[in-house]
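In what follows, a structure is listed as structure tokens, so that the remarks can point back to it.
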Amino acid sequence: TVARPDLRASLHAERTPSDMLLCYFRDSNAHGLLETLASTGRPISLFSSRDPGISGVTWRPPNQRDFDAALLRARAVVSSAGSQLIAECIALGVAIANLPL
């Protein structure tokens, strides 16, 4: 038996992947990593408590509805989040890089 999370209703919509990288860092401690990701030219959507003020990074305060919509469009997720986000990415087929920062 393979365990999988019960996804919120808002994550049951069809995935429409774009080129966007979705980032979530609870502690706002990934400035250097965000600068590196932004230098790739891919659109970066960051959900964090503070705006890092980095060109090419679209900042949004944490909001579950907006985050779920972005997750359904994300090419990949880069995060320091825990097991729930990792499980959601696996269930949705979204590539994830989980980094201890």
Side-chain angles (χ1 to χ4, degrees):
T1 303
V2 176
R4 42 183 320 145
D6 289 331
L7 295 175
R8 295 179 294 284
S10 56
L11 293 176
H12 285 275
E14 183 178 343
R15 266 193 42 78
T16 55
S18 66
D19 205 30
M20 180 261 296
L21 298 178
L22 174 59
C23 296
Y24 170 74
F25 302 103
R26 183 195 68 199
D27 298 324
S28 301
N29 58 350
H31 194 83
L33 175 60
L34 289 166
E35 287 180 327
T36 299
L37 291 173
S39 73
T40 68
R42 291 188 191 281
I44 309 295
S45 183
L46 170 67
F47 285 80
S48 182
S49 58
R50 287 187 290 169
D51 183 350
I54 299 171
S55 179
V57 174
T58 301
W59 171 77
R60 297 175 191 190
N63 174 295
Q64 189 70 62
R65 182 180 48 98
D66 293 344
F67 185 86
D68 288 353
L71 181 55
L72 290 170
R73 292 187 325 273
R75 173 185 180 94
V77 172
V78 180
S79 175
S80 61
S83 59
Q84 182 64 34
L85 180 55
I86 294 169
E88 290 168 348
C89 288
I90 291 169
L92 293 169
V94 179
I96 183 164
N98 188 265
L99 308 168
L101 298 175

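Computed from heavy atoms alone, side chains included, the values below leave out hydrogens, waters and symmetry copies.
In this structure, CG on Leu85 lies 4.5 Å from CD1 on Ile96, to the nearest 0.5 angstrom. Distance check, rounded to the nearest 0.5 Å: CD of Glu35 to OG1 of Thr40 gives 13.0 Å. Note that CD of Glu88 is 10.0 Å distant from CG of Leu72, once rounded to the nearest 0.5 Å. Here the straight-line distance linking atom CZ of Arg42 with atom CG of Leu37 works out to 10.0 Å at 0.5 Å rounding. Note: Ile86 CD1 to Ile90 CD1 = 7.0 Å, rounded to the nearest 0.5 Å. Atoms OG and CZ, on Ser48 and Phe25 in that order, are 8.5 Å from each other to the nearest 0.5 Å.
Put simply, the side chain of Ser18 gets close to the backbone of Arg73: a donor and an acceptor are under 3.5 Å apart. Side chain of Thr36 to backbone of Gly32: a donor-acceptor contact under 3.5 angstrom is found. Ser79 places a side-chain N or O within 3.5 Å of a backbone atom of Tyr24 that can act as its donor or acceptor partner. Without hydrogens or angle criteria, Asn98 side chain to Ala81 main chain gives a donor-acceptor distance under 3.5 Å.
For Arg15, the CZ atom sits in a packed shell: over 12 heavy atoms of surrounding residues, nucleotides or ligands are nearer than 6.0 Å. Applying the 6.0 Å contact sphere to CZ of Arg50 captures no more than 12 heavy atoms from other residues, nucleotides or ligands.
Residues Pro61 and Asp66 form no side-chain contact, since every pair of their non-hydrogen atoms from C-beta on lies 4.5 Å or further apart. Leu46 has its side chain within reach of Pro52: a pair of non-hydrogen atoms, C-beta onward, lies under 4.5 Å apart. Side-chain contact between Ile44 and Cys23: present, with at least one pair of heavy atoms (C-beta onward) separated by less than 4.5 Å.
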Can you list the steps and then say if Ser10 with Arg65 is a side-chain contact (heavy atoms from CB on, under 4.5 Å)?
CA-CA 7 Å; Ser10 56; Arg65 182 180 48 98; over 6 Å; no
Apply side-chain contact (heavy atoms from CB on, under 4.5 Å) to the pair Trp59 and Leu34, showing each step before the final yes or no.
CA-CA 11 Å; Trp59 171 77; Leu34 289 166; over 6 Å; no
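In this structure, Leu7 and His12 approach most closely via the heavy-atom pair O-NE2, 3.1 Å. Taking both residues in full, the closest heavy atoms of Val94 and Ala76 are given as CG1-CA, 4.0 Å, listed atom of the first, atom of the second, then distance.
Shown here are the salt bridge (Lys or Arg N to Asp or Glu O under 4.0 Å) partners of Asp51, two or more places apart in sequence or in another chain: there are none.
Under a hydrophobic clustering in which Ile, Leu, Val, Met, Phe, Trp and Tyr are joined whenever their side-chain heavy atoms come within less than 4.5 Å, directly or via other members, Leu92 and Met20 fall into the same cluster.
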